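Reviewing the structure listed below.
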Amino acid sequence: MDEQALLGLNPNADSDFRQRALAYFEQLKISPDAWQVCAEALAQRTYSDDHIKFFCFQVLEHQVKYKYSELTTVQQQLIRETLISWLQAQMLNPQPEKTFIRNKAAQVFALLFVTEYLTKWPKFFFDILSVVDLNPRGVDLYLRILMAIDSELVDRDVVHTSEEARRNTLIKDTMREQCIPNLVESWYQILQNYQYTNSEVTCQCLEVVGAYVSWIDLSLIANDRFINMLLGHMSIEVLREEACDCLFEIVNKGMDPVDKMKLVESLCQVLQSAGFFSIDQEEDVDFLARFSKLVNGMGQSLIVSWTKLIKNGDIKNAQEALQAIETKVALMLQLLIHEDDDISSNIIGFCYDYLHILKQAIMLAVMKKLTYDEEYNFENEGEDEAMFVEYRKQLKLLLDRLAQVSPELLLASVRRVFSSTLQNWQTTRFMEVEVAIRLLYMLAEALPVSHGAHFSGDVSKASALQDMMRTLVTSGVSSYQHTSVTLEFFETVVRYEKFFTVEPQHIPCVLMAFLDHRGLRHSSAKVRSRTAYLFSRFVKSLNKQMNPFIEDILNRIQDLLELSPPENGYQSLLSSDDQLFIYETAGVLIVNSEYPAERKQALMRNLLTPLMEKFKILLEKLMLAQDEERQASLADCLNHAVGFASRTSKAFSNKQTVKQCGCSEVYLDCLQTFLPALSCPLQKDILRSGVRTFLHRMIICLEEEVLPFIPSASEHMLKDCEAKDLQEFIPLINQITAKFKMQVSPFLQQMFMPLLHAIFEVLLRPAEENDQSAALEKQMLRRSYFAFLQTVTGSGMSEVIANQGAENVERVLVTVIQGAVEYPDPIAQKTCFIILSKLVELWGGKDGPVGFADFVYKHIVPACFLAPLKQTFDLADAQTVLALSECAVTLKTIHLKRGPECVQYLQQEYLPSLQVAPEIIQEFCQALQQPDAKVFKNYLKVFFQRAKP
């Protein structure tokens, strides 16, 4: 060999020598027989310089790696012999070779192994073991060779060609068959021999065991003799870190979930009894970092076992696995909060996975507990059933919380349960089918979106929900023979109505489900009733998609629109309340259709004419009826007819008005048909109530076309009034006043005093002292009366009051003052002060009605003080504070309209008459003159708080 060039291998050599050495290395690599010189130098121990020895191994490595196939059998044999003789020489060396040389030698052995093991050198390990025996230097090299082989075969960081990967698999299979048990035995002997005398070799051996355990038969290692020895090493300070890593690799090995659970639990028991779980007593952070990794491995292995067992349906063992996980949580938390970050970060995987299964476990529990039991009585729900419904609501809240934390997990869990259940719904128990659909229903709130846009945005979520909805409507589950499943089907279809805008092809089959024996014609009244409401919602929300089906739907619901009179004994499928929804639905279909106005009018007339005809006949029958019970049932039926007509009008909107749809005439006909009921002397309450509601609707729908009917209707409704009648009539007048204002001024002037006389007459009727319901009725009527005056004054129609004659005007004003002061009702008091400030604003100026200024100072100003000074005026009550606020507005308005004259009156006459101290009077007047109204409002509250004892 070129001795000069070899000098350049020394790290301290200058650059020229180093360059020469590199060139020489390249030369030797290309030379066909230079490797033999190196082999000979190694076998003969020609050189003592470590760098030259390393250099020789590098040349050999290159030969084996890239040119081995070019060598003759004899030359290949020479390389094998060279390596074995070098290995034998190590046994006799007074000093071991440097680590970097041993590692390089091990690499060359490993390369030769992967090249020759399957063909020329099947006894590779036996040859090596026969040389090294239990010699510590030999064992060291044997273990290094094993690590190098593992690296060649299984190191995932090394990129292998598919040919190499196939070869490696074959080598491992052959090793498992031929030599692994012998290797394991050799490891056991090494560990037993050196555990107390040579910690370095023992640690190396533990590392080998940890490396190989991932691909050899685990039972060779996970047995009593090995595990006990490893656990023994855990108590030897110099070995325990490596023992920990070795145990981690054993625990990490894939195996049967139940076996894995048993292995981990037996390890934990021994470790715990040996005191390893007492973290706070351990000071060695390096060991704790390894121990934390081991605990992390055990925790994650148990979680993998739990997941597999749940998937396999092995609930008993899954429960055991979950308990095993739970018992590690305290230890996990101790390691997580450890001040050393390495110890803490090593346990994070277990924490994360534990949280995940905790969520899964809660989810599974919630899904299970949402299920009805066999005893639930659907036809006659009692206390137990009510408690379960309440309990279900609590479970839903829990599910919503889980969704906030893990929306993807919830979606995946529900999808799994839903899909597997709906696949076999025909053979599945009702409670399981119901809960599967229920979970889909619950997702809508658990995974909220704006405006129900579940089928746009997040693609994975949208497609999952879309798939489930498609399954729901195409699976045929709507035919399931149990009310709970049927109802859940319809509830879910309506909740996800936006699905049908994405996949409108499913609308016809869902409409049929609503309309046939599954929905509106179901044998259960409960299902029919709920379906009526849901059907109306479904049609309303999808009105744009309904056009092709309108006529068909109207024909199919014809019999459900029948007004069933009491005498025919026919039991209608739907109650009158349910029929309201069907009428509304019919109205929506007609109004929102794309038909021309004439067609809409014709359809609406078809819908309403039968009601009008029945109404006329029934009203005649009521006039002749003698029996009170029969009168009541006829009146009920008449009321239903009015209610149904009223409900159809809910379909109209600002865009689709009654006029645009050409339906004014039909509703005017209804009005003319229904109004005669107001003059019927029998069952007045119920008839008036229905017609009044209809009038409210018509004021909105027909606008001024309704006005000609109002005077006579009002006249009838004011006859023989009770407090409740008036109370309900006044909002109708308020609505007309606020909407039409000056258009109804003549009518209001005409009926103003008759209405007030009717109100006063009822209010002045004597009542029993303890009759609380009569007192309450009067209070409510008083409020309605003041609300009426507020509407009149607030709508700019004060002349309606002014034109009633001085005496009547004064009477009205006095009632308002009484309302503000005398009755302890803060809601009415607030309204009265609003009326007073409005009247002061309108009439309180210099050109106001004669005598009004005097009225302001004689009555209105005192009212603003007398009311708050009353003991019943509770300034701690919110409604009362609002009344005081309006009282402040009234005083501010008087000051605004009367100016300094008002301040002078307060300063010189009124406040002194109340014995208010001069400095307080001064303070009060200054606050009143402040431009900011809020300042005065706040002051007034303080003023009365001080004034009251």
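None of these values were measured; they are calculated from a predicted model. Side chains included, hydrogens not; waters and symmetry mates left out as well; all remaining heavy atoms used.
Heavy atoms only, all atoms of each residue included: Phe489 and Ala513 are closest at CE2-CB, 4.2 Å. The two residues Ala444 and His454 have their closest heavy-atom pair at O-CE1, 3.4 Å. Residues Val527 and Gly519 share a closest heavy-atom pair of CG1-O, 4.2 Å. Of all heavy-atom pairs between Ser649 and Cys701, the closest is CB-SG, 3.8 Å. What you find for Val405 and Lys359 is that their closest heavy atoms are CG1-CD, 3.8 Å. Ile590 and Leu607 get closest at one heavy-atom pair: CD1-CD2, 4.1 Å.
Between Glu497 and Lys540 there is no salt bridge, since no side-chain N of the basic residue sits under 4.0 Å from a carboxylate O of the acidic one. The pair Glu703-Lys739 counts as a salt bridge, with a side-chain nitrogen and a carboxylate oxygen less than 4.0 angstrom apart. For the pair Glu265 and Lys262, the salt-bridge criterion is not met [side-chain N within less than 4.0 Å of a carboxylate O]. A salt bridge between Glu445 and Lys396 is present, with a side-chain N of the basic residue lying under 4.0 Å from a carboxylate O of the acidic one.
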Leu618 vs Leu563, test: side chain to side chain contact (heavy atoms under 4.5 Å, CB included). Steps then yes/no.
CA-CA 11 Å; Leu618 291 170; Leu563 184 71; 4.0 Å; yes

Step by step, would you call Tyr533 with Asp578 a side chain to side chain contact (heavy atoms under 4.5 Å, CB included)?
CA-CA 7 Å; Tyr533 162 71; Asp578 300 333; over 6 Å; no

Run the numbers on Leu511 and Met546 for side chain to side chain contact (heavy atoms under 4.5 Å, CB included), then give the verdict.
CA-CA 10 Å; Leu511 283 174; Met546 287 294 142; 4.2 Å; yes

Show your working on side chain to side chain contact (heavy atoms under 4.5 Å, CB included) between Glu434 and Met431 and close with a plain yes or no.
CA-CA 5 Å; Glu434 190 276 344; Met431 60 278 281; 5.6 Å; no

Test Arg429 against Tyr372 for side chain to side chain donor-acceptor pair (under 3.5 Å), laying out the working first.
CA-CA 11 Å; Arg429 297 182 313 159; Tyr372 287 114; over 6 Å; no

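Other residues, nucleotides and ligands contribute more than 12 heavy atoms inside 6.0 Å of the CD atom of Gln505. Under a cut-off of 6.0 angstrom, the local environment of OH in Tyr376 is crowded, with over 12 non-hydrogen atoms contributed by other residues, nucleotides or ligands. Counting non-hydrogen atoms of other residues, nucleotides and ligands closer than 6.0 Å to CZ of Arg401 gives a total of 12 or fewer.
If you take CD on Glu594 and CZ on Arg599, they are separated by 14.5 Å, rounding to the nearest 0.5 Å. Met698 CE to Leu671 CG: the interatomic distance, rounded to the nearest 0.5 Å, is 7.5 Å. Between Glu562 atom CD and Ser572 atom OG the span is 8.5 Å, to the nearest 0.5 Å. For the atom pair Leu402 CG and Ser413 OG, the distance stands at 9.0 Å (nearest 0.5 Å). Atom CG of Leu370 sits about 9.5 Å away from atom CG of Leu398, to the nearest 0.5 Å. Distance check: Cys637 SG to Ile686 CD1 gives 10.0 Å after rounding to the nearest 0.5 Å.
Close placement of the Phe615 and Phe674 rings is indicated, their centers lying within 6.0 Å of each other. Close placement of the Tyr667 and Phe652 rings is indicated, their centers lying within 6.0 Å of each other.
Arg415 is listed as a side-chain neighbour of Asp467, based on a closest heavy-atom distance under 4.5 Å. Contact of the Ile582 side chain with the Phe644 side chain is not registered, since no non-hydrogen atoms from C-beta on lie closer than 4.5 Å. Counting only heavy atoms from C-beta outward, the side chains of Met363 and Leu409 approach each other to under 4.5 Å. When side chains are defined from C-beta on, Phe549 does not count as touching Val539, because their heavy atoms never get closer than 4.5 Å. Within the 4.5 Å cutoff, no side-chain heavy atoms of Ser524 are placed close to those of Phe378. Proximity of Lys526 to Glu379: side-chain heavy atoms (C-beta onward) are nowhere separated by under 4.5 Å. Within the 4.5 Å cutoff, no side-chain heavy atoms of Trp306 are placed close to those of Leu309. Contact check for Leu560 versus Leu573: side-chain heavy atoms found under the 4.5 Å cut-off.
Note on ring orientation: taking the six-membered ring where Trp is involved, the planes of Phe388 and Tyr391 are tilted (angle from 30° to 60°).
Geometrically, Arg647 engages Phe581 in a cation-pi contact defined by less than 6.0 Å to the ring centre and at most 45° from the axis. Cation-pi geometry between Arg470 and Phe499 is not satisfied (NZ or CZ under 6.0 Å from the ring centre, within 45° of the ring normal).
A distance-only check finds a donor-acceptor pair linking the side chain of Gln735 to the backbone of His696 [under 3.5 Å]. Between the side chain of Arg521 and the main chain of Asp516, no donor-acceptor pair closer than 3.5 Å is present. A donor-acceptor contact shorter than 3.5 Å links the side chain of Ser463 to the backbone of Ser460. Not a single donor-acceptor pair under 3.5 Å links the side chain of Tyr441 to the backbone N or O of Arg495. Panel note: side chain Gln545, backbone Asn543; no donor-acceptor pair is recorded below 3.5 Å. A distance-only check finds no donor-acceptor pair linking the side chain of Thr609 to the backbone of Asn606 [under 3.5 Å]. With hydrogens and angles disregarded, no donor-acceptor distance shorter than 3.5 Å links the side chain of Glu613 to the backbone of Pro610. In this structure, Ser406 contributes its side chain and Ala403 its backbone to no donor-acceptor pair below 3.5 Å. Looking at Ser646, its side chain never comes within 3.5 Å of a backbone N or O of Val642 through a donor-acceptor pair. In terms of modelled atom types and a separation under 3.5 Å, the side chain of Tyr595 and the main chain of Leu603 share no donor-acceptor contact.
If you run side chain to side chain donor-acceptor pair (under 3.5 Å) between Tyr354 and each of Lys328, Gln300, Glu326, only Glu326 comes through.
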